[in-house]
Amino acid sequence: MKSSIKLLLSHSVQQLQNNGVFDRTALDAVNLERTRDTKHGDFASNVAMVLAKQARCNPRKLAEMLIENLPQSDLVEKTEIAGPGFINFYLTSEAYLSVIDQVRVEAENYGRSRVGEGKRVMVEFVSANPTGPLHVGHGRGAAYGDAVARVLRAAGYETHSEYYINDAGRQMDILAVSVLLRYLEINGKQVQFPENGYQGDYIKDIAANMHEKYQQQFCIDETALFDHLPQDKEERIDEVILRCKNALGASDFRIVFDQGRDMLVDDIRTDLAEFGVVFQEWFSERGLLENGDIEKSISVLEENGHVFEKEGAKWFKATEFGDEKDRVVMRANGMHTYFASDMAYHYNKAERGFDKMLDIFGADHHGYVSRIMSSFEALGNDPQRLSILLVQFAVLYRGSEKVSMSTRGGDFVTLRELREEVGNDAARFFYALRKPDQHMDFDLDLAKSQSSDNPVYYIQYAHARICSVFRQLVEKGLKTLVDGQPDYRLLKEKQEAELLQMLSKFPEVVELSAKSYEPHQIAYYLKDLANTFHSYYNAHPFLSSEDATRLARLGLIDAVRIVLADGLELLGVSAPNTM
RNA sequence: GCCUUCGUAGCUCAGGGGAUAGAGCGAUCGCCUCCUAAGCGAUAGGUCGCAGGUUCGAAUCCUGCCGAGGGCGCCA
């Protein structure tokens, strides 16, 4: 609807441009907005004010000329010039009434568009280290990333979602050792479990599972593991890792390591699937080492002249690309750095030919943004192809008390706990309600104890109420929508006009959400739509009105039901028929 | 110290160059013989952190300051 009006206005500007009133940039200034107040019509444009200087005439005069050049249209009832030079458009009631059938015919496709032009977008999100279960902070990234992917798909982008598994490096070694030590305990050995190892009970579960499967196969002599360890706890755990590797041998260590990795990745995958988040691909960091992409990307960087050597290490000249310091990619001991993996991963992504790549990071990773962008560019890619979006942390509270979020300490609220206690729908909607760059106070007590106050129920209830009306229609043997084409001109109530306006707006909301990567706009729209519906429901009867009116109203609320379900689907929230 | 996000009603948050700044919760007062009261209506509540600047027009953009969260390693 909006795009049709905008087209008319663009046509008029084009006309005046052809007549030499303004230069070729004028079309960019065409802007059209929904009015906040119906006194100003349905849509308003400030284009006359923006272009007045260029046309060397006053805004109101220019607005007059623009209106004269508007093409005829059935959509527009009248136009007027208001205030300093706004052009207000009043639409015909037919324009609005036609929305009902449009929604009902297009059904789950209503609101979808082709603005994405089939461009290939890859969205990478969550990507938490598989060193423990997901916590509620990851939940926010999951809910956000998945909603972005869904909204992009709806807007006509070809979307690929991916989880990057950090399954290489020291943290994973610490995980493997944590599992091994718990396993030794099960086998009756005395171990000194490092304070900076992974303390959670899930480690014991993995160890128990391993014990069942492999019996005593990895029972190394524990006494040698803990003699004369360094004082510093980081050095100490590195030494324990080394001794475990030596005692077990590379291939057995790999088995223990994979035991932890696989169980945790499976657990994360299941957890997310239950949350409604299903990735198209799980991409392994270790794979980058094995397929040579890490070496390849470093050599591309060298070929492009962005590498220098210092004290035996290879450095990327990141400062040439705006990063604050240069970065080591290959250490003097021949090991590549964690950053080198990240660079290689983005090299790999770019090679796969996506038009656009989105990285969704937790705000705690924002320090990596400039170095990743720098390396991406240094590898010869257009930096416009990559956007790194930051999701702020959810700060957890129990009542007024802040909850500590240390993963290694094992003291954290898991996503699974949250889902079990407040439900998937409430959890997803709660996350969806905040824009990603907003800090979020997540009061667990509130979310758990007062979950019926969660706005998701308000929206789902609107959907269920409509379904209930249709059920009773059948029970009472009344005429239904399949019995005839309703005459929508009978819809003359204030709430009916408001609903029509809301319905016509949905495609604009989807498009805006997609372009700005802000699915929370959908959530707020749905709250509005549900509110307008509930008011209508309270003010006017459906079943007890006379046949023709009832039919028209049923058509309207059927369209509302469809848009509610469509919108909830974009957020990964269910639309129940009864509550 | 540097980087980054934020500061809007008592609380949690929308709006992010345009006309009189919004919602939910909380408060007060109403509405179920009637399609689900998980609902609706009404009232009260704001110097949009502070100060400059750009603009015909700033809560919105820019700069500085104040306050809050997060990040800074030949760590992963």
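Chain identifiers are assigned alphabetically (A, B, ...) following the order of the sequence lines, protein sequences preceding nucleic acid strands; residue numbering begins at 1 within each chain.
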Would you call [X] and [Y] a side-chain contact if the rule is heavy atoms closer than 4.5 Å?
{"X": "A:Arg170", "Y": "A:Ile237", "result": "yes"}
{"X": "A:Asn129", "Y": "A:Met172", "result": "no"}
{"X": "A:Glu80", "Y": "A:Tyr90", "result": "yes"}

Legend entry - Pair partner, B:G52 [Watson-Crick or wobble, under 3.5 Å]: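 Its partner is B:C62.
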
Inset, instruction - Look through every strand shown and name the nucleotide pairing with B:G67 as Watson-Crick or G-U wobble, where both distances are under 3.5 Å. - result: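 Base-paired to B:C6.
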
Legend entry - 5'-most by nearest nucleotide on RNA chain B - A:Gln521 or A:Glu324: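 That would be A:Glu324.
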
Inset, instruction - Please tell me which of A:Glu518 and A:Ala530 maps to the more 5' nucleotide of RNA chain B, matching each residue to the nucleotide holding its nearest heavy atom. - result: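 Nearest nucleotide further toward 5': that of A:Glu518.
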
For a quick check of understanding: with a heavy-atom distance under 4.0 Å over all strands, which category does [X] fall into, base, sugar-phosphate or nothing?
{"X": "A:Gln460", "answer": "nothing"}
{"X": "A:His365", "answer": "nothing"}
{"X": "A:Ala363", "answer": "sugar-phosphate"}
{"X": "A:Ser535", "answer": "sugar-phosphate"}
{"X": "A:His40", "answer": "base"}
{"X": "A:His463", "answer": "nothing"}
{"X": "A:Ala464", "answer": "base"}
{"X": "A:Ala539", "answer": "nothing"}
{"X": "A:Asp364", "answer": "sugar-phosphate"}
{"X": "A:Ser341", "answer": "nothing"}

Side chain of [X] (C-beta onward), nearest among [options]:
{"X": "A:Ala82", "options": "B:C74, B:C40, B:A19", "value": "B:A19"}
{"X": "A:Asn88", "options": "B:C35, B:C75, B:A19", "value": "B:A19"}
{"X": "A:Lys325", "options": "B:C72, B:C6, B:A37", "value": "B:C72"}
{"X": "A:Arg465", "options": "B:A37, B:G73, B:A19", "value": "B:A37"}
{"X": "A:Asn538", "options": "B:G18, B:C40, B:C35", "value": "B:C40"}
{"X": "A:Arg331", "options": "B:G15, B:G71, B:C75", "value": "B:C75"}
{"X": "A:His366", "options": "B:C75, B:U4, B:C40", "value": "B:U4"}
{"X": "A:Gln392", "options": "B:G15, B:A38, B:U5", "value": "B:U5"}
{"X": "A:Val469", "options": "B:C40, B:A14, B:C35", "value": "B:C35"}

Any N/O pairs under 3.5 Å between the protein and nucleotides 9-13 of chain B? List them or say none.
unit_1 : atom_1 : unit_2   : atom_2 : d
B:U12  : O2'    : A:Arg434 : NH2    : 2.1
B:C13  : OP1    : A:His439 : O      : 3.3
B:C13  : OP1    : A:Asp441 : N      : 3.0
B:C13  : O2'    : A:Tyr524 : OH     : 2.5

side-chain N/O [X] vs [N] OP1/OP2, d < 4.0 Å:
{"X": "A:Ser370", "N": "B:C3", "value": "no"}
{"X": "A:Asn531", "N": "B:C40", "value": "yes"}
{"X": "A:Tyr536", "N": "B:G41", "value": "no"}
{"X": "A:Arg327", "N": "B:G73", "value": "yes"}

Inset, instruction - Report the C-alpha distance between A:Lys479 and A:Asp547 in whole Å, list the side-chain angles of each, state the deciding distance to 0.1 Å, and finish with yes or no for salt bridge (charged side-chain N to carboxylate O under 4.0 Å, His left out). - result: CA-CA 7 Å; A:Lys479 261 179 107 174; A:Asp547 279 3; 5.0 Å; no

Legend entry - Ring-ring centroid check A:Phe283 A:Tyr345, cutoff 6.0 Å: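 Yes: the rings meet the under 6.0 Å criterion.
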
Legend entry - Step-by-step salt bridge (charged side-chain N to carboxylate O under 4.0 Å, His left out) determination, A:Arg553 to A:Glu496: CA-CA 8 Å; A:Arg553 288 179 175 174; A:Glu496 290 165 344; 3.0 Å; yes

Which whole number of Å gives the distance between the [atom1] atom of [N] and that of [M]?
{"N": "B:A44", "M": "B:G10", "atom1": "P", "value": "15 Å"}
{"N": "B:G53", "M": "B:A59", "atom1": "P", "value": "14 Å"}
{"N": "B:C62", "M": "B:U55", "atom1": "P", "value": "16 Å"}

Inset, instruction - Send over the distance from A:Lys494 NZ to B:C40 C1', rounded to a whole Å. - result: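 My rounded result for the distance is 12 Å.
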
Legend entry - Atom-to-atom span, NZ of A:Lys479 to P of B:C35 - whole angstrom: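 Distance, rounded to whole Å: 24 Å.
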
Legend entry - Donor on one side chain, acceptor on other, A:Ser341 and A:Glu285, under 3.5 Å: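 A:Ser341 vs A:Glu285: donor-acceptor pair found between side chains.
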
Inset, instruction - Answer yes when A:Lys505 and A:Asp528 have at least one side-chain N-carboxylate O distance shorter than 4.0 Å, and no when they do not. - result: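 Salt bridge between A:Lys505 and A:Asp528, a charged N being under 4.0 Å from a carboxylate O: no.
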
Legend entry - Short N-O contact, A:Glu311 and A:Arg331, less than 4.0 angstrom: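 Salt bridge between A:Glu311 and A:Arg331, a charged N being under 4.0 Å from a carboxylate O: no.
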
Legend entry - Backbone N/O of A:Pro519 and side chain of A:Ser513: donor-acceptor pair under 3.5 Å: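 Side chain of A:Ser513 to backbone of A:Pro519: no pair is present.
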
